[in-house]
Amino acid sequence: MDQHELYCLADPVFYDNLEHTDAADAEFAILGRTLPANWFHEKTDTWCYFAPTGAPPLPAQGWKIHVSARVEDAEKAIETVWDYCVPRGIAFKFLRGLAVLVMTNSKAASRASSGKLVTIYPRDEAQLELVLKELRELLQDVRGPYILSDLRYGEGPLYVRYGGFAERHTLSGSGERVLAVEDGGGRLVPDVRGSTFTVPPWTTLPEFLQPHLAARNAVTTSELPYRIESVLHFSNGGGVYLGRDLRTQEQVVLKEARPYAGLDAAGRDAVARLEHERAILERLDGLAAVPALRGHFVLGEHHFLVQEFVDGVALQRRLVHRFPLTRATCTERDLAEYTDWALETLEQVGRAVAALHERGVVFGDLHPDNILLTESGRVVLIDYEVATLLADDTRPALGHPAFAAPEDRRGAGVDEYALACLRLGLFAPQCTIMLPLHRPKVVQLGRLVAETFPVPPAYLDETVGIIAGDAGEPAPMPLPGSAPWPELRDAMCRAILASATPQRDDRLFPGDVTQFRPGGGLNMATGAAGVLYALHATGAGRFPEHEEWLRKRAPHPVPGSGLGLYDGLHGIAYVLDLLGHRQDAHDLVEIAMRENWERLESALHSGLSGIGLNLLRLGRTDEALRAAGICADRLGDVGDVPETSGGEHPRAGLLYGSSGPALLFLHAYEHTGDTALLDLAERALRQDLRRCAHAVDGSLQVNQGWRLLPYLDEGSVGIAAVLARYLAHRHDDELAAALAELKLVARSGFFVQPGMFTGRAGIIAALAGDPVIEPHIKSLSWHALPYGEGLAFPGDQLLRLSMDFSTGTAGVLFAIGTAQGERPCRLPFLEAAPERPLGTESPKEV
């Protein structure tokens with residue numbers, strides 16, 4: 001889970017942390033206890049930390065203890081640890097409340113961290129052994145999910161793992177800043193937190209833990225009549241595996257359930273849901289739309305269902321492959337052929353759902369990943385964990401947010417609503433996820449679908465009617481592509497200002513969940529600086545009270561705050577300087593330069609290329625060229641980067657890849673006239689082009705191996721923006737042809753998200769001035785929503801509104817301003833290149 005769902009708990013409109021929720025169960029009651037005077041206490045949105053203040057400092061890393069507990073045992077486990085650790089002066093932390101525990105142990109949660117309710121920090125191995133032995137007795141009645149990243153101590157809820165105690169960072173193999181530990185040679189290396197237990201090569205497992213490792217390794221699948229051949233899917237509740245029945249040689253699917261893990265809204269764990277699914281499959285036996293049940297068994301504490309293997313493709317995958325608006329070459333014929341396929345497929349899915357209803361079962365979790373299409377034409381619905389009986393007239397405890405029915409739908413109405421969302425969603429992918437923010441939006445979505453696809457009006461009227469219920473017509477608001485620019489700008493400005501929370505210190509405007517990282521509420525990407533930048537750059541106005549909010553807090557960054565252009569102090573300084581607060585800007589840069597900035601990654605978003613660009617702008621040329629030099633030393637040759645981006649490899653693109661350093665090299669060339677810097681820019685750009693591949697429509701996009709990316713942050717249009725700037729200085733036929741292919745992606749008609757970094761707004765802003773982006777302004781209407789008597793847009797994942805620059809309304813405002821504003825603006829440092837190097841006499845112009 002990427003944590004977006006966790007930040008949906010506190011507020012129905014914006015992502016927020018639990019610090020600002022009024023929920024009665026937001027925190028464990030023990031937080032009301034009085035600590036001894038010599039104890040330190042700190043709360044974050046997820047954890048509560050406790051440590052004695054007079055004791056010697058803890059080691060920076062070592063063996064830590066985790067305590068796992070199910071919901072009903074959580075308070076007891078925390079109280080036991082508190083009563084044990086506080087008198088003994090042992091540092092610990094625990095999750096701050098039941099809501100966080102449920103979310104971090106939900107089906108969608110991270111398998112690497114799930115189950116960890118409490119963490120204890122022993123000073124050495126002797127204390128580690130003592131604490132484990134004594135707590136084992138005290139916690140013997142506590143039950144909890146297995147922590148996959150750890151070694152279990154005995155049969156109880158205690159686990160151990162080697163890792164960092166102090167927060168230290170290093171660069172990963174992909175060039176990103178990650179948590180670190182020291183290896184045997186004293187070097188900082190990534191503190192890898194996977195879903196399997198490992199012992200780092202520079203240390204050894206304490207001797208007293210060896211029997212526990214042997215017990216863990218004794219559980220194998222060798223005695224089973226099944227052979228697991230591959231993994232189909234992992235969730236926190238367990239895995240789904242492709243296997244073979246060794247008795248019949250039939251291919252089967254084995255579905256695993258971990259006890260106490262993968263919680264749903266009703267508090268059921270994966271085992272309870274698997275047993276429920278087994279009963280449902282037995283009831284539905286014989287239906288073509290349902291995989292046949294082959295058996296069940298228990299291995300260790302894990303439960304398994306064995307089902308028929310259906311050799312089909314998920315509808316979601318087929319949708320991604322066939323959806324015509326993602327292709328630059330889409331024609332009216334393509335739209336018609338897709339419409340015919342979609343309507344036929346939807347009719348088959350409807351018949352499958354009806355067959356379940358005839359057996360008295362409500363599927364309850366209808367969405368494209370749970371629908372398999374076979375070559376023979378068979379449609380199969382999979383995953384019956386949350387299915388209910390029709391006669392019970394109830395609601396499922398889990399559901400895909402884009403298809404989950406509102407509270408007024410029960411029983412068969414749950415499936416009818418999801419089927420209606422599917423009927424709309426095949427023509428507007430993922431858009432129904434926004435409907436809880438403003439359900440009347442479905443009326444406008446229906447109109448947009450009707451304008452785009454040759455769908456029968458009666459089909460859309462029925463679909464929209466089922467989803468809308470009695471929600472009524474959408475609120476009137478100016479829409480991109482139809483309302484004049486001043487009206488659009490003012491509407492977005494009203495929404496942004498209506499969302500402001502100047503009484504808070506952590507953020508001024510609500511944005512993406514990453515704003516709850518240190519400094520995220522102030523920076524360019526997700527914080528106040530980016531919003532004020534967009535408002536000023538587009539002529540929406542200056543807001544002195546909000547500028548003062550930022551000026552007051554920026555000089556006092558919280559520990560862990562970023563230093564870079566988009567994640568930290570340099571970006572805030574950039575904005576304050578633009579707003580005329582030049583001394584504030586220089587003071588912030590001085591704070592940043594006192595940090596160990598030279599060890600940062602090269603990325604434009606948070607590293608040296610963004611810092612170097614800002615230093616050039618502020619006239620600190622020597623330091624800027626130092627940043628450029630470090631980036632050059634790290635660059636390597638074109639062939640030194642792999643042909644795919646992301647995963648274990650360095651990422652490509654403007655914000656995280658080689659295009660960021662290329663932009664710094666270009667600006668440094670404009671300052672110095674040194675053509676070697678142009679050579680470096682070309683090499684960096686060719687590195688990013690090496691990690692691109694052609695899509696079926698001929699567009700050139702960043703290749704992640706399993707998908708192609710067009711976006712501003714680590715996709716093709718970000719590379720295009722820098723490449724165009726390079727070609728203004730030095731023509732190259734091969735690179736010019738690549739630029740045309742990179743820009744071709746802008747002819748695609750649909751993007752899942754509206755935002756700047758990973759959505760349609762970034763396409764507009766990166767290619768500002770190119771006529772190809774005009775249709776995209778109107779297409780922003782797919783995601784437009786009312787807020788505060790104005791116009792707003794949802795952020796990443798579309799679950800909540802966002803006002804920030806990277807994901808939300810401020811970014812959309814800025815993007816439209818690049819095309820329609822009276823004084824068209826460009827993204828930082830992507831203005832048109834000068835015809836000749838500027839020279840050091842005018843650094844402020846860069």
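Values below: every heavy atom of this structure, side chains too, minus hydrogens, waters and symmetry copies.
- Atom CD of Glu601 is separated from atom CZ of Arg634 by 8.0 Å, given to the nearest 0.5 angstrom.
- The two atoms that bring Gly154 and His212 nearest to each other are N-ND1, 3.0 Å, heavy atoms only.
- Salt-bridge check for Glu548 with Arg551: passed, with a basic side-chain N closer than 4.0 Å to an acidic carboxylate O.
- Arg88 and Gln127 share no donor-acceptor pair across their side chains, judged by distance under 3.5 Å alone.
- Side-chain contact between Pro510 and Met803: present, with at least one pair of heavy atoms (C-beta onward) separated by less than 4.5 Å.
- Between Arg161 and Asp191 there is a salt bridge, with a side-chain nitrogen of the basic residue lying less than 4.0 Å from a carboxylate oxygen of the acidic one.
- Contact of the Trp82 side chain with the Leu35 side chain is registered, since non-hydrogen atoms from C-beta on lie closer than 4.5 Å.
- Considering CG of Leu616 and CD1 of Ile611, their distance stands at 12.5 Å, rounded to 0.5 Å.
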*Evaluate the criterion side chain to side chain contact (heavy atoms under 4.5 Å, CB included) for residue pair Leu132 and Leu209; output intermediate values, then yes/no.*
CA-CA 10 Å; Leu132 286 169; Leu209 291 175; 4.2 Å; yes
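- Side-chain atoms of Ser68 never come within 3.5 Å of backbone atoms of Pro157 as a donor-acceptor pair (strictly under, hydrogens ignored).
- Counting heavy atoms from C-beta on, the side chains of Leu654 and Leu712 come closer than 4.5 Å.
- For Tyr121 against Ile90, the heavy-atom pair with the smallest separation is O-CG2, 4.0 Å.
- Under the 4.0 Å criterion applied to side-chain N and carboxylate O atoms, Lys107 and Glu5 are not assigned as salt-bridge partners.
- Leu128 has its side chain within reach of Phe208: a pair of non-hydrogen atoms, C-beta onward, lies under 4.5 Å apart.
- Taking a 6.0 Å sphere around CG of Asp622, one finds it holds 12 or fewer heavy atoms contributed by other residues, nucleotides or ligands.
- Ion pairing of Asp505 with Arg553 is present here, as a side-chain N (NZ or NE/NH1/NH2) and a carboxylate O approach within less than 4.0 Å.
- Distance alone, capped at 3.5 Å, is enough to place a donor-acceptor pair between the Gln687 side chain and the Leu635 backbone.
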*Kindly determine whether Val67 and Leu117 satisfy side chain to side chain contact (heavy atoms under 4.5 Å, CB included), including the steps that lead there.*
CA-CA 6 Å; Val67 182; Leu117 171 66; 5.5 Å; no
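- Ring orientation note: the planes of Phe197 and Trp63 are tilted relative to one another, at an angle of 30° to 60°.
- Between the Gln515 side chain and the Phe509 main chain, a donor and an acceptor come within less than 3.5 Å of each other.
- Counted within 6.0 Å of CZ on Arg599, heavy atoms from surrounding residues, nucleotides or ligands total 12 or fewer; the atom is thus considered open.
- Counted by atom type alone, Arg620 and Asn614 present zero donor-acceptor pairs between their side chains at under 3.5 Å.
- At a threshold of 4.5 Å between non-hydrogen side-chain atoms, the residues Val142 and Thr80 do not count as touching.
- Without hydrogens or angle criteria, Tyr260 side chain to Gly115 main chain gives no donor-acceptor distance under 3.5 Å.
- In terms of modelled atom types and a separation under 3.5 Å, the side chain of Ser602 and the main chain of Leu608 share no donor-acceptor contact.
- Lys64 approaches Gly163 most closely through the heavy-atom pair CE-C, 4.1 Å.
- Heavy-atom minimum distance, Tyr566 versus Leu655: CE1-CD2, 3.8 Å.
- For Arg517, the CZ atom sits in a loose shell: 12 or fewer heavy atoms of surrounding residues, nucleotides or ligands are nearer than 6.0 Å.
- A donor-acceptor contact shorter than 3.5 Å is absent between the side chain of Asp512 and the backbone of Thr526.
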*Could you go through the side chain to side chain contact (heavy atoms under 4.5 Å, CB included) check for Val199 and Thr204 one step at a time?*
CA-CA 7 Å; Val199 179; Thr204 58; 5.6 Å; no
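- To the nearest 0.5 Å, the span separating OG1 on Thr514 from CG on Asp804 amounts to 7.0 Å.
- In this pair, Phe94 and Phe50 present their aromatic rings parallel. The plane angle is below 30°, not in the 30 to 60° band.
- Annotation: side chain of Lys116 is in contact with side chain of Ser149 (closest heavy-atom distance under 4.5 Å).
- Both tests do not hold together for Arg617 against Phe829: distance to the six-membered ring centre under 6.0 Å, angle to the ring axis within 45°.
- The closest donor-acceptor contact from the side chain of Asn105 to the backbone of Ser114 lies at 3.5 Å or more, if one exists at all.
- Interatomic distance, OG1 of Thr203 versus CD of Gln61, reported as 9.0 Å (0.5 Å rounding).
- Checking side-chain atoms of Arg800 against main-chain N and O of Cys8 turns up a donor-acceptor pair under 3.5 Å.
- At a threshold of 4.5 Å between non-hydrogen side-chain atoms, the residues Ile65 and Phe92 do not count as touching.
- How far CG of Asp567 is from CG of Leu522: 12.0 Å, rounded to the nearest 0.5 Å.
- Ionic pairing of Asp73 and Lys76 is not present here: no N-O contact between side-chain nitrogen and carboxylate oxygen is shorter than 4.0 angstrom.
- Put simply, the side chain of Trp597 does not reach to within 4.5 Å of the side chain of Leu569, judged on heavy atoms.
- Ionic pairing of Asp16 and Arg507 is present here: one or more N-O contacts between side-chain nitrogen and carboxylate oxygen are shorter than 4.0 angstrom.
- For the pair Asp713 (side chain) and Thr758 (backbone), a donor-acceptor distance under 3.5 Å is absent.
- Contact record, Ser645 with Ala652: OG-N, 2.8 Å, taken as the closest heavy-atom pair.
- Using a distance-only test at 3.5 Å, with no hydrogens or angles considered, no donor-acceptor pair links the side chain of Thr807 to the main chain of Gly795.
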*Go through the steps to decide whether Asn17 and Asp506 satisfy the test side chain to side chain contact (heavy atoms under 4.5 Å, CB included), and finish with yes or no.*
CA-CA 10 Å; Asn17 61 21; Asp506 61 333; 4.1 Å; yes
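- Closest heavy-atom contact between Leu798 and Gln753: CD2-CG, 4.1 Å.
- For the 3.5 Å distance criterion, the side chains of Ser658 and Arg691 qualify, holding a donor opposite an acceptor.
- The environment of Gln503 atom CD is dense: over 12 non-hydrogen atoms of other residues, nucleotides or ligands sit within 6.0 angstrom.
- Here CD1 of Ile572 is found 10.0 Å from CG of Leu563. Values are rounded to the nearest 0.5 Å.
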